[in-house]
2 protein chains.
Amino acid sequence: MLNNLDLLDQTFHALADPVRRQMLERLTDGPASVSELAKPLPMSLPAVMQHLAVLEESGLVTTKKVGRVRTCQIEPDALGRAEDWINERRTLWSQRLDRLGDFLAENETGGQQ
Amino acid sequence: MLNNLDLLDQTFHALADPVRRQMLERLTDGPASVSELAKPLPMSLPAVMQHLAVLEESGLVTTKKVGRVRTCQIEPDALGRAEDWINERRTLWSQRLDRLGDFLAENETGGQQ
DNA sequence: TAAATTGTTAAGCATATGCTTAACTATCAT
DNA sequence: ATGATAGTTAAGCATATGCTTAACAATTTA
């Protein structure tokens with residue numbers, strides 16, 4: 001539980017917007033320029049740049065400018081942070097439900113209220 | 001890609017706040033009342049209720065009121081939605097990186113720029 | 001060099017978020 | 001019935017988000 005938490009905040013926040021998820025899905029097919037990312041989106045270029053900034057701050061995407069073109073690509077490790085938190089919770093939650101199931105089974109002799 | 005997406009938005013948004021994650025972590029240990037959830041949090045009860053509302057809307061938490069006490073519990077399946085999206089992306093992303101690695105290896109004969 | 005392409009910055013604006021306090025309701029205990 | 005407990009609702013407020021349009025800058029390309 002480090003300052004790591006702020007990055008988790010930013011990662012989940014970045015993922016919470018369908019436009020940003022769409023951008024990530026596009027980048028799954030390979031690197032893209034800002035304009036390419038913007039093309040399918042129903043908004044101005046500056047708006048796309050702002051979404052891109054959120055993705056960069058979260059670490060989910062990195063970019064590099066060459067000439068006048070900025071190329072964007074995904075950063076798989078960043079997604080790992082969110083994945084780890086969720087997987088850990090899921091494990092604990094299902095364990096808890098299992099124990100609850102056992103408890104209910106053990107007390108099934110009488111009757112359910 | 002159904003209306004499912006709105007729920008994904010809500011789920012990731014719910015997870016993007018450290019207070020809400022803390023509430024979820026508390027609920028991992030078992031059901032709790034609203035007051036119990038609020039006790040460790042440095043904010044008013046109404047503020048906690050608002051966070052709870054976000055968690056409920058996302059489906060991550062369900063509640064039930066008995067007498068004057070509202071009991072809250074986690075809903076593992078809801079977390080599965082976020083987990084699935086992330087896991088799918090991670091798989092695709094690492095496949096892409098593998099292909100990229102292969103490509104780089106194949107062209108390693110000459111030299112890297 | 002002039003024009004087109006690609007991206008960036010700044011300002012403004014409407015709405016959403018995350019809190020607060022105050023007032024209120026419902027239930028339980030005495 | 002009185003008071004304490006648990007939760008709820010409403011209003012207000014500061015800040016953050018998600019866009020927009022209007023300049024502006026840096027590269028190509030012609």
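Note on naming: letters A, B, ... go to the chains in the order of the sequence lines (proteins, then strands), and numbering restarts at 1 for each one.
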First encountered from the 5' end of DNA chain D, between A:Gly67 and A:His13 = A:His13
When you match A:Val19 and B:Ser33 each to their closest nucleotide on DNA chain D, which lands nearer the 5' end?
-> B:Ser33
Results of side-chain contact (heavy atoms from CB on, under 4.5 Å) for A:Glu36 - residues two or more places apart only | A:Arg26, A:Ala32, A:Ser33
Partners passing side-chain contact (heavy atoms from CB on, under 4.5 Å) against A:Ala16 (at least two apart in sequence or in another chain) = B:Phe12, B:His13
Which residues satisfy the side-chain hydrogen bond (donor to acceptor under 3.5 Å, both in side chains) test with [X], sequence neighbours excluded?
{"X": "B:Glu56", "result": "B:Thr63"}
{"X": "B:Ser58", "result": "none"}
{"X": "B:Arg68", "result": "none"}
{"X": "B:Thr62", "result": "B:Glu75"}

Where each residue is assigned the nucleotide of DNA chain C containing its nearest heavy atom, which of B:Val66 and B:Asp17 is assigned the position nearer the 5′ end?
-> B:Asp17
CD/B:Gln73 to OG1/B:Thr28 distance, rounded to the nearest 0.5 angstrom?
-> 12.0 Å
In whole Å, what is the span from the [atom1] atom of [X] to the [atom2] atom of [N]?
{"X": "A:Phe12", "N": "D:dT17", "atom1": "CZ", "atom2": "C1'", "answer": "20 Å"}
{"X": "A:Glu36", "N": "C:dT5", "atom1": "CD", "atom2": "P", "answer": "15 Å"}
{"X": "A:Asp9", "N": "D:dT17", "atom1": "CG", "atom2": "P", "answer": "11 Å"}
{"X": "A:Leu15", "N": "D:dT17", "atom1": "CG", "atom2": "P", "answer": "15 Å"}

Show me the donor-acceptor pairs, under 3.5 Å and distance only, between side chains in residues 42-55 of chain B and residues at least two apart or in other chains.
unit_1, atom_1, unit_2, atom_2, d
B:Ser44, OG, B:Ala47, N, 3.4
B:His51, ND1, B:Arg20, NH1, 3.1

Mind running a 4.0 Å heavy-atom check of residues 39-62 of chain B against DNA chain D and sending the residues that fall below it, in number order?
-> B:Leu45, B:Pro46, B:Met49
Sort me out a list of protein N/O and nucleotides 1-3 of chain D N/O pairs below 3.5 Å, or just none if empty.
none

